[in-house]
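Okay, structure first, notes after.
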Amino acid sequence: MSVRVVARIRPLLEKELDKDIIVHAASTEDGKPTTLVRIPSPKNGAEEFTFAFNSVYDQQTSQEELFTQEVAPHLKALFQGLDVTLFAYGVTGTGKTHTMRGGMKLAERGVIPRLLSSVFRRSKKIAKDTNGGTQVSVALSYYEIYNDKVFDLLESPEKRTPAGLPLREANGKTHVVGLSERPCEDLKDFEKLYIESNLNRVTASTKLNAHSSRSHAILRVKVTQTTEEGVLESTASAIDLAGSEDNRRTDNGKERLVESAAINKSLFVLSQCIDAISRGDKRIPFRESKMTRILSLGQNNGITVMILNLAPLRSYHLDTLSSLNVSSRAKRI
Ligand code: ADP
Ligand code: MG
């Protein structure tokens, strides 16, 4: 079981009025890899906090570099039967969706399309190298967790029930009852499905008068390898988390309070799980939230990568600090 916690600082956007950059990537020594994030104290500008990560990616980091460094190395394990879980964590507007989904242009594609592309490439290679002795199939599920309820993103929002999909335990695993799963043959298949289901997400959140930044979106890629000897199944999950900002500060309607409580609790449990895994604890509190329960986080030797997205600007100061505190609490220096 392993976990990496890395930070990615996004660049300043052209339209941004605030140009006051206060978050910096740093190394412990010249020539050493970048592993530190430095940020001033909000009370005393001269004082500085430093947070340590497994790796820190600065404003210049390309989508390709992030994928090559943090995701590609785990593909081998995925095809050996281990589960891989990738999270984008952070305040709304810091680059979670950019990191996970990315833009339409090839160079701007995020972790998810790159992951699928690599999975298909590897699947074809395995089939070829084994002369068809190993058959590999890929199936997708895509769902969101909003107010602690699970909704299928592969289904039209019309089919949603207020309670969402129920969970059931079987063979020591948690299943989402009725969650769809679609076979996917190639990148074209995937892209069509992904674009359609992201539209479902937008439609659904508009109907609820909510915003997609208030739900967790979870894409699950199931890889099944079949040989004469048996079946090997593993999953890669990529999660674009709800915004980690404290929603209560800006908006205190009743509906928003319910949302905030659900978001805060699930992000809190997630960070507890990440901490427990990184300490090597036997007991991981993954049952304490719906998302970590469905993901079986930290069970069965899986690999987890948490990417903390950061905006470098002063206008995000307090939210940035609290996200740093949550995701690297054990490692604040
Ligand atoms: P979030 O999903 O965390 O709310 P987004 O991914 O929507 O944030 O990013 C906010 C804005 O910043 C978007 O316009 C996005 O294109 C841009 N952005 C984020 N990260 C980067 C990056 N690494 N390079 C260029 N633009 C980025
Ligand atoms: Mg987003």
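For this chain, numbers begin at 1 and follow the sequence in order. Order of appearance sets the numbers: ligands from 1, and atoms from 1 within every ligand.
Contact analysis puts Thr94 in contact with ligand 1, with a non-hydrogen atom separation below 4.0 angstrom. For Ser213, the heavy-atom gap to ligand 1 stays at 4.0 angstrom or more. Look at Pro11 and you'll find a heavy atom under 4.0 Å from some atom of ligand 1. Taking a 4.0 Å cut-off on heavy atoms, Asp240 fails to register as neighbouring ligand 1. In this structure, Arg8 counts as a contact residue of ligand 1, since one of its heavy atoms falls inside 4.0 Å of the ligand.
Separation of atoms CG (Asn325) and CZ (Phe49) is listed at 8.0 Å; rounding is to 0.5 Å.
For ligand 1, the atoms lying closer than 4.0 Å to a non-hydrogen atom of Val91 are 3 (O). Residue-ligand proximity, Lys96 to ligand 1, at heavy-atom distances under 4.0 Å covers atoms 1 (P), 2 (O), 3 (O), 4 (O), 6 (O), 8 (O). Of all atoms in ligand 1, numbered sequentially from 1 with element shown, those under 4.0 Å from a heavy atom of Thr92 are 4 (O).
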Practice item. Would you check, one step at a time, whether the test salt bridge (charged side-chain N to carboxylate O under 4.0 Å, His left out) holds for Asp281 with Arg279? Key: CA-CA 6 Å; Asp281 286 2; Arg279 281 195 306 263; 2.9 Å; yes

Point to revise | Audit row: Val223, Val136, side chain to side chain contact (heavy atoms under 4.5 Å, CB included) steps and yes/no | key: CA-CA 7 Å; Val223 179; Val136 191; 3.8 Å; yes

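An N or O contact shorter than 3.5 Å links His98 to ligand 1 by distance. For ligand 1, the polar-atom distance check against Leu13 finds no nitrogen or oxygen pair separated by under 3.5 Å. Of the polar atoms of Thr97, at least one N or O is found under 3.5 Å from an N or O of ligand 1, judged by distance alone.
Counting backbone and side-chain atoms alike, Ser213 contributes no N/O/S atom closer than 2.8 Å to the Mg ion (ligand 2).
Taking the side chain as every heavy atom from C-beta outward, Ser118 and Phe67 approach each other to under 4.5 Å. With a 4.5 Å cut-off on side-chain heavy atoms, Tyr143 and Leu165 do not count as touching.
Of all protein heavy atoms, the one lying nearest to atom 8 (O) of ligand 1 is Gly95 N, 3.0 Å. Shortest contact from atom 10 (C) of ligand 1 to any protein heavy atom: Gly93 O, 3.7 Å.
Screening Arg160, Lys290, Arg214 for a salt bridge (Lys or Arg N to Asp or Glu O under 4.0 Å) involving Glu144 leaves a single residue, Arg160. Between Leu310 and the options Asp319, Val37, Val91, Thr94, a side-chain contact (heavy atoms from CB on, under 4.5 Å) holds for only Val37.
Between the side chains of Ser323 and Thr320, no donor-acceptor pair is found at a separation under 3.5 Å.
A donor-acceptor pair under 3.5 Å is absent between the side-chain atoms of Asp18 and the main chain of Leu313, judged by distance alone.
Residues Tyr142 and Tyr194 bring their aromatic ring centres within 6.0 Å.
Counting only heavy atoms, the protein gets under 4.0 Å from atom 19 (C) of ligand 1.
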